[in-house]
Amino acid sequence: MNMINILCTKLKMKTSRIYAMKNREIAAIFEEVAIYLQMQDEVIFKVRAYENAALALEGLAEDVEDIYKRGGIAALQEIPSIGRALAEKIEEYIKTNKMEFYDELRKKLPIDLKGLRNIEGMGPRKILVLYKKLRVKDVDDLKKSAEAGKIRSLAGFGEKSEANILKAIAIKEKSRGRMPLFEADPIVAEIVDVLSRAGAEQITAAGSYRRRKETIGDIDLLVVSNKPGKIMDAFTKMKSVIAVYAKGTTKSTVRLMYGLDADLRIVERSSFGAALNYFTGSKDHNVALRKISIFRGMKLNEYGLYKGKKQVAGENEEGLYKALGLRYIEPELRENSGEIEASKKNTLPNLIGYSDLAGDLQVQTSWTDGSSSIEDMARAASKIGLEYIAITDHTKSLAMTGGLDEKKLAKQGEEIDKISEKLGNIAILKGAEVNIMKDGTLDIASAALRKLDVVGAAVHSNFALSKDQMTRRLIRAIENPDVDVLFHPTGRIVGKREPYDIDIEQVVDAAKSSGTVLEIDSLERLDMKDEHIRLAVRRGVKLCIDSDAHSPSHFSALRFGLAQARRGWASKKDVINAWPLEKMQKMLK
DNA sequence: GCCGTTTTCGGCCCGACTGTTTTCAGTCG
């Protein structure tokens, strides 16, 4: 939340512009309350209730304020992990922007909980002791106390604890939070290489990396090896390791110089499936599976599924799900957001596969801000197995890219025909990424657009309109009979730019009624988000997954768009560029 | 404080590692 606050201040934006802002605010408060309660020796289950509620709010697609407006307290209680008491607290916060219960706790213990909790090893009990004995209120106090050698003499602490605190603070100062998946990819490859050289028999990256979440908080690796000592040594001595938090025979944790942690677990082959399942998560998904195990009179841990002392499953994930009476659930779906119920009822979607794309409907070239010629881009696309691409350079109002006008579009069309004929092995469609003006009109005349095969429309300016204005702007473009696809519908860029404020449901509904395709932009943007995709799929809106390539190497980003689509429960039937060219073209206006 | 394939009361996921201890509490995922 801090990051968002900073962002808001910097951009002088109203906080309401940030998507589902209230959800995160309230989640942050509940998280803090949980810590306060733990300090006060409140029963752990009450603590968990607040933690669970925070998680539920963070994972919520809909704005909690909208839910409240729609159905009041009763609607809030429909949210899992929110009961009467917490619903009332949420109501209070929506109405007054305050929560008395929380304010009281804070008055009693005026501590920067969030800051202190962010220091590795600092939990509620330690924070409380440090406050009571040394009046430590924030990270700055903590650092000073440690440097002055005051901590080592406290009961429960020692010299090592004191040194670790200083180390953890130093590391935190260099931390960077969550990392986009596409940045983590090469780092994971590097670690896998090291472990494989050290003699690991089997290596799999698990965690949010395997679930293909758009950002990851750390890297979880799972290894099968009969030389655990050697593997752990190789892992903790990697060049990129700047600190070792823990090193055991089955589990080690290190901090990497890239600003995130990596966890390594070594397991027996007979437990690999159970371990993979456990370390892939999500935590919520795991907890749900364990509850099912208990219900069926069994116990699930990272070593297997047990009936008494007998392992009934665990060597592979498929067997594990089967033994729990479930259909196999793909990692991208494991967020405990309905996948377990769907698995029970056998209604899981047949997810689009990572090699299912036949074409790419957004490609830029050196005609505008791309680096390469039409021919080079077409060759690169063909090389990775695509059967068709659409050339979609920017249009004239995007002056900084040298956007094309009607005349240049016509000229580019002639060039495309020539190259198409020359190459022969890939269909090159004529298209454009047409700029959506502030009022929702387009910057290219209808007559010129009708000569194109694919018209994508996109917002590139005036991001700070009100929710209402922006929604109307997009809907006007969507309903334009010349527009086939709405490119990167929410304008966000992972880790860089928040989405503009729109009513996504209205946008999706407009796409449905007008037969407009919504894009999943793969490169850096990952726009739409998984939850938006899921909404679109539910409403029967067609999607396309595009690279938004500006150079030949960018086509490799399609796998991230595909991952996003899978996380949004999309099947091949939902994604038009997974279809053969002729069938795809029938979907265009 | 939440929740119900079993339960409107009585449960609530499970285990590894560290540091400070001599058996465990605290933290983490």
Side-chain angles (χ1 to χ4, degrees), chain A residues 30 33-35 37-39 41-56 76-90 101 116-130 151-165 167-168 206-208 217-222 228 232 236 244-254 261-267 271 274-275 277-306 325 336 340-341 344-345:
Chain A
F30 284 170
V33 169
I35 304 169
L37 294 179
Q38 219 172 334
M39 287 176 161
D41 269 330
E42 182 60 81
V43 283
I44 194 68
F45 301 110
K46 190 165 168 178
V47 173
R48 292 230 183 102
Y50 277 90
E51 287 172 349
N52 291 338
L55 274 176
L76 291 175
Q77 281 182 257
E78 305 258 305
I79 304 168
S81 302
I82 305 289
R84 181 88 206 172
L86 293 185
E88 278 171 5
K89 290 190 169 69
I90 294 172
F101 180 57
L116 288 168
R117 263 324 293 275
N118 265 328
I119 303 301
E120 174 86 18
M122 295 298 290
R125 318 296 313 199
K126 288 187 181 174
I127 292 173
L128 184 64
V129 171
L130 289 166
I151 292 177
R152 65 184 73 177
S153 52
L154 298 179
F157 292 83
E159 275 185 41
K160 224 161 184 177
S161 311
E162 197 174 78
N164 281 346
I165 285 170
K167 208 155 107 186
S208 47
D218 59 10
I219 297 172
D220 296 293
L221 294 135
L222 199 62
M232 285 305 186
T236 52
V244 178
Y245 292 128
K247 186 183 177 194
T249 52
T250 65
K251 175 186 164 178
S252 293
T253 304
V254 299
D261 297 340
D263 272 346
L264 172 62
R265 326 267 177 154
I266 301 180
V267 298
S271 294
N277 186 254
Y278 176 55
F279 298 125
T280 296
S282 67
K283 195 180 170 188
D284 279 1
H285 180 87
N286 289 343
V287 170
L289 290 186
R290 286 182 177 181
K291 283 179 182 164
I292 293 174
S293 319
I294 294 168
F295 179 72
R296 293 179 158 242
M298 296 183 283
K299 183 177 78 165
L300 176 61
N301 58 27
E302 58 259 55
Y303 300 106
L305 180 66
Y306 294 89
N336 195 26
I340 291 174
E341 293 74 10
K344 274 184 205 163
K345 286 188 281 185

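To find a chain, count down the sequence lines: A is the first, B the second, and so on, and within it residues start at 1. Excluded from the calculations below are hydrogen atoms, water molecules and symmetry mates; all remaining heavy atoms, backbone and side chain alike, are included.
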Show me the protein contacts with nucleotides 3-5 of chain B, counting only N or O atoms at under 3.5 Å.
residue: B:dC3; atom: OP1; partner: A:Ser81; partner atom: N; Å: 2.4
residue: B:dT5; atom: O4; partner: A:Lys344; partner atom: NZ; Å: 3.0

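Using a 4.0 Å heavy-atom cutoff across all strands shown, A:Glu159 reaches sugar-phosphate atoms only and no base atom.
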*Taking protein heavy atoms under 4.0 Å as touching, what does nucleotides 10-18 of chain B look like 5' to 3' if B marks base contact, S marks sugar-phosphate-only contact and - marks none?*
--BBBSSSS
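Remark: A:Lys160 engages no residue in a salt bridge (Lys or Arg N to Asp or Glu O under 4.0 Å) (not counting sequence neighbours). Remark: A:Arg152 pairs with A:Glu162 by the salt bridge (Lys or Arg N to Asp or Glu O under 4.0 Å) rule, at least two apart or across chains. Among residues two or more places apart in sequence or in another chain, the salt bridge (Lys or Arg N to Asp or Glu O under 4.0 Å) test is passed with A:Asp218 by none. Shown here are the ring pair (Phe, Tyr, Trp, His ring centres under 6.0 Å) partners of A:Phe30, two or more places apart in sequence or in another chain: A:Tyr50. A:Glu159 is linked by a salt bridge (Lys or Arg N to Asp or Glu O under 4.0 Å) to nothing, counting only residues two or more places apart in sequence or in another chain.
The CG-P distance, from A:Asp261 to B:dC28, rounds to 11 Å in whole Å. Atom pair A:Leu86:CG and B:dG1:C1' shows a separation of 6 Å (rounding to whole Å applied). Summarising the geometry, the separation between CZ on A:Arg84 and P on B:dT8 is reported as 21 Å, rounded to the nearest angstrom. Computed from coordinates, the A:Leu128 CG to B:dT27 C1' distance equals 15 Å when rounded to whole Å. For the pair A:Leu264 CG and B:dC28 C1', the computed distance is 16 Å after rounding to whole Å. In this structure, the CG atom of A:Asn52 is 14 Å from the P atom of B:dG1, given to the nearest Å. Summarising the geometry, the separation between CD on A:Glu78 and P on B:dC2 is reported as 14 Å, rounded to the nearest angstrom. A:Ile35 has its CD1 atom 14 Å from the C1' atom of B:dC28, to the nearest Å.
Annotation: B:dC17 and B:dT22 have their P atoms spaced 22 Å apart (nearest Å). Nucleotides B:dT8 and B:dG15 are separated by 32 Å at their C1' atoms, to the nearest Å. Only the C1' atoms considered, B:dT5 is 23 Å distant from B:dG1, to the nearest whole Å. To the nearest whole angstrom, the two P atoms, one in B:dC13 and one in B:dC3, are 13 Å apart. Using atom C1' as the reference point in both B:dT18 and B:dC12, the two lie 27 Å apart (nearest Å). Of the C1' atoms belonging to B:dC9 and B:dA16, the separation is 34 Å, rounded to the nearest Å. For B:dT23 and B:dC28, the P atoms lie 25 Å apart once the distance is rounded to whole Å.
Between A:Ile340 and A:Ile292, the closest side-chain pair of non-hydrogen atoms falls below 4.5 Å.
Annotation: side-chain hydrogen bond (donor to acceptor under 3.5 Å, both in side chains) contacts involving residues 281-293 of chain A, sequence neighbours excluded, comprise A:His285-A:Tyr321, A:His285-A:Glu339. Sequence neighbours left out, the pairs with a member in residues 76-88 of chain A that pass salt bridge (Lys or Arg N to Asp or Glu O under 4.0 Å) are A:Arg84-A:Glu88.
Of the two residues contacting DNA chain B, namely A:Lys46 and A:Gly121, the nearest-nucleotide position lying further toward the 5' end is that of A:Lys46.
Of the side-chain N and O atoms in A:Arg117, none sit less than 4.0 angstrom from OP1 or OP2 of B:dT27. Note on A:Thr253: every side-chain N or O is 4.0 Å or more away from OP1 and OP2 of B:dG29.
The pairing partner recorded for B:dA16 is B:dT27, the criterion being a Watson-Crick or G-U wobble arrangement whose two distances lie under 3.5 angstrom.
Although no hydrogens or angles enter the test, the distance criterion places no donor-acceptor pair under 3.5 Å between the side chain of A:Arg117 and the main chain of A:Pro124.
Closest of all the heavy-atom pairs between A:Ala34 and A:Glu51 is CB-CG, 3.7 Å.
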